[in-house]
Each structure stands twice: as C-alpha cells, then as structure tokens.
Amino acid sequence: MTGAAQSQSSPNAAFNPRVFSGIQPSGGLTLGNYLGAIRRFVDMQESGVQTIYCVVDLHAITVWQEPEALRRQTRELTAGYLAAGLDPEKSILFNQSQVAEHAQLAWIFNCVVRMGWMKRMTQFKDKAGKNAENASLGLFGYPALMAADILLYHATHVPVGEDQKQHLELTRDTAAKFNHDYGVDFFPLTEPVIEGTATRVMSLRDGTKKMSKSDPSDASRINMTDDADTIARKIRKAKTDPDALPSEPGGLEGRAEARNLVNIYAALSDSTIEEVLRDAGGKQFSEFKPMLADLAVTRLAPISEEMGRLMQHPDEIDRVLGRGAERARALAAPILARTYDIVGMVRST
Ligand code: AQP
C-alpha cells in the first residue's frame, strides 16, 4: 500500500487503512484470479494493514449455481486462499452469506444508486448478453451489493483485476452520493489497487477475451487444480501467431495472444516484460511454450497440492469460514447500525 492511504490530503484521511476484496465461488479458481487478485491479497496481508477477504457466494448465485457445486466451489476457493498464503490469523477469511449485514447494506444502497448508473455497467452487458430481459435482477444489481461488501468495512483499498475497475468507480459514486444525500462524511471513497503485470490475464483461446472461470471452454483457462500434464497441454495448444517473440515490448503491439503468454511468464517469474523479452526475444513459440509450461507447473503445483490436501478436510475449512464470519460481523454490525441511524431507521436499544 502506498503512503497515499495515510496522507492527510487523502479524502480518506479520517479512515484507518483497511483492505477488502472477494472472489465469487462461481467455478474453479483460474490463473487469472490467482495472478490478478489472490497474489495481491497475500502481498497486502504481509504489508501489515488490516485485510478482509471474502468468498462472495451471494454474488455467485446471480447466475444459476447447482447447490452442491456451490458448496464445493466455496470450500475450494477457501482452500485456494489458504494454499496461496492467506493466513486466517492475519486476515479475516469468510463467506459473504454468513454475514447478513452485506445483504442489509446492499438494500440501502439499492435505494441510493441510480438505474442509469447500473445500465452503464459493461460486465452486466457482457454476462447478460443478448438475453438481458431474462437475466436475474441480482445480476443487474450486483454492483450495489459489491459496494456494500466494501463499504460495510469502511475499506479504503480494494485489490482487483482490471475488469473490476468500473464497479469500483460505482462504489465510490455510491459512497459519495450517500454522504452527500445525508450530509455526512461516513463512507470512504475507496481506491482500487490494480497493480502488476497480470491485471488482465487473457483467454488461452482468444487473446481479446479475459480468462474466466465460467468460459464454456476449459481449454481457455488454467485452473488452479489442473495437474502438470493438463497445464502443459493447455499451454501447448494456446493460440499464438507464427512469428518469433520480439526483443522489445513494442513488438507485441497487435499480437494479443503473444502478449498474453509473455505477461503470464513475467507475472509467474516476478520479472518485467522487458526482462522476459531480453531472454526470450527471437525464440519461436515451439521453444517458449515449454518454458512457460515448466514455470507454470513449478509455481502452481505446490498450491494445487495444498488445495487438494485441504479439500480432504471440509470441516476444517468450514471452521475457518465460521470464525472469520464472526470477526467480520464484529466490524460490520456497528457500521450497519450507524448507517441505519443516519438513514432514519428506528431501532430499540
Ligand atoms: N483474467 C483475469 N485477469 C486478472 N484478474 C482477474 N480476475 C478475474 N479474472 C481475471 C480478478 O479476480 C477477482 C475475482 O473475480 P470474480 O470471481 O469476483 O469475478 P470475475 O472478475 O467475473 O472473475 P471470473 O473468473 O471471470 O468469474 P466469472 O466467470 O464467474 O465471471 C477480481 O479481482 C477480478 O478482477
């Protein structure tokens, strides 16, 4: 986290730095979720700020989820958090549905945000596609629940991938409108933290589409539970062009698939694009892809092995989520109570 969070000139100077983020258990974890989000979550945990990480199961049901699959994916995502280095003693880890205050604050925000704001959300347009009339109301209202997730903890910073930037802007607009309408300075104007070489990992089948858990093609993504052979096969079959890699980043212009594989290599090897191309410039993909596959397997195998081990103990995972939910509720309840007071709800004391 930068010093901006603590700076007196920051609009959030009155708030203690606090980080919140979440991932939907809407499928298996992908390399995109890991590089774009979870790795950043771990960095922030280690920076000493208070960190709160959620499995956003209420968001997941905005599109159909088989109940048994949702339960498994919720535990698997938690296992992914733990295996990647999130520590339930240092961070608060929980699933959203166990803290009812998320849904309660979302209702208040449903009455603050405007229809016009929601209609501009590109993710709704992408996910609803041509069949928007048949999309759930929850999918349309998703960003108001997301604003509630974040503002319920007065979070000042949210690590996310590039695709969530517009939703974060809506969160700031929601806080600003609430503060303005009620004449208070109650909610912070949360800042997105979109950093690193892998803020947008693209599909292995189409370099213009983001890698996504719910893409119908399994070959489009690397799942965090894929074994070494599967990872190697998917990378070998990844779409590329016939040219060799350039030795400068400028040479990746107009080569979306090549850029994506170089980005992934840079992120997994903790190096810059320039450094990768200094070594790999001039190589054909037939040579670069096996290098990338080896690196991916080396980096991901320990995480997927640990996920597998943790998944043998679902009770242990549920205990982590339950304990995290208690700690989350302790932070959320007073903020919701104060929100109700500001809005004018009567409550007995
Ligand atoms: N391809 C990606 N590259 C970088 N970051 C990514 N994230 C997702 N995909 C990429 C980041 O992961 C976090 C969790 O995302 P989410 O599960 O809440 O929803 P999403 O962004 O819609 O992710 P998916 O994988 O595409 O899920 P589905 O298919 O269910 O919609 C966010 O921080 C996101 O930026």
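Position 1 is the first residue of the sequence; numbering continues from there. Just so you know, ligand 1 is whichever comes first in the structure, and atom 1 is the first atom listed for that ligand.
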Tell me, please, which residues at least two apart from Asp181 pass side-chain hydrogen bond (donor to acceptor under 3.5 Å, both in side chains).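 Lys177.
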
Exercise: do Asp215 and Ser212 side chains pair donor with acceptor under 3.5 Å: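 There is no such pair between these side chains.
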
Using modelled atom types and a 3.5 Å cut-off, is there a donor and acceptor pairing between side-chain atoms of Thr230 and backbone atoms of Asp226? no

I need the contact residues for ligand 1: any residue with a non-hydrogen atom closer than 4.0 Å to the ligand, ordered by chain then number.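 For ligand 1, the residues that come within the 4.0 Å heavy-atom cutoff are Gly22, Ile23, Gln24, Ser26, Gly32, Asn33, Gly36, Ala37, Gln123, Lys127, Val160, Gly161, Asp163, Gln164, Ala198, Thr199, Arg200, Val201, Lys210, Met211, Ser212, Lys213, Ser214.
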
A quick test of your reading: do over 12 heavy atoms of other residues, nucleotides or ligands sit less than 6.0 Å from CD of Glu248? no

Which side-chain N or O atoms in residues 166-175 pair as donor and acceptor under 3.5 Å with protein atoms at least two apart or in another chain?
residue	atom	partner	partner atom	Å
Gln166	OE1	Thr122	N	2.8
Gln166	OE1	Thr122	OG1	3.1
Gln166	NE2	Arg120	O	2.9
His167	ND1	Gln164	OE1	2.9
Thr171	OG1	His167	O	3.1
Arg172	NH1	Leu189	O	3.4
Arg172	NH1	Thr190	O	3.1
Thr174	OG1	Leu170	O	2.7

Only counting residues at least two apart or in another chain, list the ones meeting side-chain contact (heavy atoms from CB on, under 4.5 Å) with Gln45. Thr51, Leu86, Asp87, Lys90, Ser91

